[in-house]
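Numbers restart at 1 for each chain; the letters A, B, ... are given by sequence-line order, proteins then strands.
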Protein chains: 2
Amino acid sequence: MDFESQAAASDTLQQFWTLCRERGLAMTHQRQVIYQALRDMHGHPSPEEVYQRVRRQIPSISLGTVYKNIKTFEEAGFVREVSLHHGSSRLDVNMTPHHHLVCSRCKAMIDLPHQHIEPVRLTAPLPQGFRLERVFVEVIGLCPGCAVQTFLYPTPKGDISC
Amino acid sequence: MDFESQAAASDTLQQFWTLCRERGLAMTHQRQVIYQALRDMHGHPSPEEVYQRVRRQIPSISLGTVYKNIKTFEEAGFVREVSLHHGSSRLDVNMTPHHHLVCSRCKAMIDLPHQHIEPVRLTAPLPQGFRLERVFVEVIGLCPGCAVQTFLYPTPKGDISC
DNA sequence: ATATCTGCAAAAGTTTTGCTAAAGT
DNA sequence: ACTTTAGCAAAACTTTTGCAGATAT
């Protein structure tokens, strides 16, 4: 590892230490390596992929530990699940263009008529060779029911943006 | 069942028969009931929910049959999976606003800088009581790699729209 | 010293697969 | 008659859980 990478790594370590302290999390070696793996892996890795990568550094680590830490990181707001619906498949018989309203808490999805959103416009070209099929918008938030419950029992709120 | 519902049901049956014929699918009783359940269940049911509903009409049906038919329907283009990533969780360390490019074939996800898409605008109010958190755009299509393969081995293509 | 975390193994949940009998064409 | 499908059971895969020993605060 060259000097710059070393410096960068130690910066990130420092940052991570601060993050953990803020959330009252113990900073274990495993936890640190898992976090670093998540940062280094571009794209959107699955827990299994993270596990495979972390194992290169800590061969004795268990998959369970990876899962537990990912969950901890999600709760702490260090990472986010890209797909809100990974637990089981969700089907849609409505084959006409439409968007979705998704509740981040109870995972309910409600169709949003496509005319309720102005046509999406790109300001930059898509990657060369990408064959566009469709574009849809996910409007994420708390559905009325969950909003009331969260009002009664508030939880720390994440970014309100894309 | 009143006269109108009977007529509507028979219409749908007729349509479904046509759909099956077009795709060379046998029209079994189970298949027809599963399809009708999907149409009747608004929202975006999971296979398990479809199974529970279909069982009311055909108590002896098996969960496997429901899964197989859902897959058949997807391949035939009768239904679509809402979440392209339900197989396993996908993580995102990038907590800054951004959108996604998703390959409908290999499920790869690429971050799309938020400034590459013009701000999304609603033309109608969200449901009363919905607490908005964030909005993101999913640009679905074939990534360059999959596009080439699909060009070599073409498959029937779905709607190119939202 | 105390609270939190790891590794392990078992369990729970989801989806796929192989096979035979049954039903559709 | 021939092809496709249903039901069943086993298996594969993903994720969660409980607990004892290890580690961090």
Side-chain angles (χ1 to χ4, degrees), chain A residues 13-14 16-35 37 44-55 57-76 78-79 81-91 107, chain B residues 13-14 16-38 44-55 57-76 78-79 81-91 107:
Chain A
L13 195 66
Q14 197 65 241
F16 186 59
W17 186 85
T18 310
L19 282 173
C20 285
R21 154 151 296 206
E22 277 170 14
R23 301 289 178 156
L25 299 177
M27 200 180 77
T28 64
H29 183 217
Q30 288 87 337
R31 183 163 283 168
Q32 190 258 309
V33 172
I34 293 168
Y35 186 73
H44 300 83
S46 64
E48 179 66 31
E49 285 165 346
V50 174
Y51 172 58
Q52 292 306 336
R53 167 138 188 166
V54 169
R55 234 146 64 111
Q57 281 180 257
I58 313 177
S60 60
I61 202 169
S62 75
L63 180 57
T65 297
V66 173
Y67 268 98
K68 281 175 193 161
N69 277 296
I70 286 172
K71 191 161 205 182
T72 304
F73 291 164
E74 282 172 10
E75 283 159 6
F78 299 175
V79 300
E81 211 167 38
V82 175
S83 171
L84 291 170
H85 300 96
H86 74 281
S88 71
S89 175
R90 296 296 208 89
L91 304 164
K107 317 298 182 197
Chain B
L13 194 67
Q14 198 64 242
F16 185 61
W17 185 85
T18 309
L19 282 173
C20 286
R21 154 153 295 203
E22 277 170 15
R23 300 289 178 157
L25 300 177
M27 198 179 78
T28 64
H29 182 216
Q30 289 86 337
R31 183 163 284 168
Q32 188 258 310
V33 172
I34 293 168
Y35 185 74
Q36 191 59 52
L38 281 164
H44 301 82
S46 65
E48 179 66 30
E49 285 165 346
V50 174
Y51 173 58
Q52 292 306 336
R53 167 139 188 163
V54 168
R55 233 146 63 112
Q57 281 180 258
I58 314 177
S60 61
I61 202 168
S62 74
L63 181 57
T65 296
V66 173
Y67 268 98
K68 280 175 194 162
N69 276 296
I70 285 173
K71 190 160 205 183
T72 303
F73 291 163
E74 282 171 9
E75 283 160 5
F78 299 174
V79 300
E81 213 166 38
V82 174
S83 170
L84 291 171
H85 300 97
H86 74 283
S88 71
S89 176
R90 295 298 208 88
L91 304 165
K107 315 298 183 199

| Distance, rounded to the nearest Å, where A:Q32 contributes CD and C:dT6 contributes P | 12 Å

| field | Between C:dA23 (P) and B:I61 (CD1): distance, integer Å | value | 14 Å

| Distance, rounded to the nearest Å, where B:Y35 contributes OH and D:dT5 contributes P | 16 Å

| said: If only side-chain N and O atoms count, and only distance matters, is there a donor-acceptor pair under 3.5 Å linking B:Q36 with B:Q32? | reply: no

| task | Check whether any side-chain nitrogen or oxygen of A:Q30 sits under 4.0 Å from OP1 or OP2 of D:dT23, and answer yes or no. | result | no

| message | Just to be sure I understand the rule, does B:T28 reach a base, reach only the sugar-phosphate, or reach nothing, if contact means heavy atoms closer than 4.0 Å? | response | sugar-phosphate

| query | Is the side chain of A:T65 donor-acceptor paired with the backbone N or O of A:I61 at a distance under 3.5 Å, no angle test? | reply | no

| Proximal nucleotide (of D:dT15, C:dT4, D:dT5) relative to the B:A26 side chain | D:dT5

| request: Report the nucleotide, chosen from D:dC8, C:dT16, D:dT15, that has the shortest atom-to-atom distance to any side-chain atom of B:S62. | output: D:dC8

| task | Remember a base hit wins even if backbone is also touched, and classify A:S60 as base, sugar-phosphate or nothing at under 4.0 Å, heavy atoms. | result | sugar-phosphate

| request: May I ask you to evaluate whether B:Y67 reaches the phosphate of C:dT16, defined as a side-chain N or O under 4.0 Å from OP1 or OP2? | output: no

| field | Reported NE2-to-CD1 distance for the pair A:H29 and A:I34, which is rounded to 0.5 angstrom | value | 10.0 Å

| task | With the side chain of B:M27 defined as its heavy atoms from C-beta on, choose the nearest nucleotide among C:dT25, D:dA6, C:dT6. | result | C:dT25

| Parallel, tilted or perpendicular, as decided by the 30° and 60° cut-offs, for the rings of B:F16 and B:Y35 | parallel

| query | Looking at side-chain heavy atoms only, is the closest gap between A:R90 and A:K107 below 4.5 Å? | reply | yes

| Within the structure shown, what part of the strands sits under 4.0 Å from A:S89 by heavy-atom distance: base, sugar-phosphate, or nothing? | sugar-phosphate

| task | Could you check which of C:dC5, D:dT15, D:dT4 has an atom nearest any side-chain atom of A:R31? | result | C:dC5

| What do the steps show when you test B:T72 against B:R31 for side chain to side chain contact (heavy atoms under 4.5 Å, CB included), and what is the final call? | CA-CA 10 Å; B:T72 303; B:R31 183 163 284 168; 4.2 Å; yes

| query | Which whole-number value in Å describes the distance from B:E81 CD to C:dT14 C1'? | reply | 12 Å

| query | Considering only D:dT25, D:dT15, C:dT16, which nucleotide approaches the side chain of A:P47 most closely? | reply | D:dT15

| message | Categorize A:S88 for me: base, sugar-phosphate, or nothing, with a 4.0 angstrom heavy-atom threshold over every strand shown. | response | sugar-phosphate

| said: In whole Å, I'd like the distance from the CD1 atom of A:I58 to the C1' atom of D:dA22. | reply: 14 Å

| query | So what does B:G24 hit on the nucleic acid, given a heavy-atom distance under 4.0 Å: a base, only sugar-phosphate, or nothing? | reply | nothing

| note | Here the distance between atom C1' of D:dT15 and atom CD of A:E49, to the nearest Å, is 16 Å

| query | So, is B:K68 close to the D:dT5 phosphate, meaning a side-chain N or O under 4.0 Å from OP1 or OP2? | reply | no

| query | Separation of A:L63 atom CG from C:dA10 atom P, in whole Å? | reply | 16 Å

| said: With nearest nucleotide decided by heavy atoms, which residue, A:N69 or B:H29, maps closer to the 5′ end of DNA chain C? | reply: A:N69

| request: Whole angstrom is fine here: how far is it from CZ in B:R55 over to P in D:dC8? | output: 11 Å

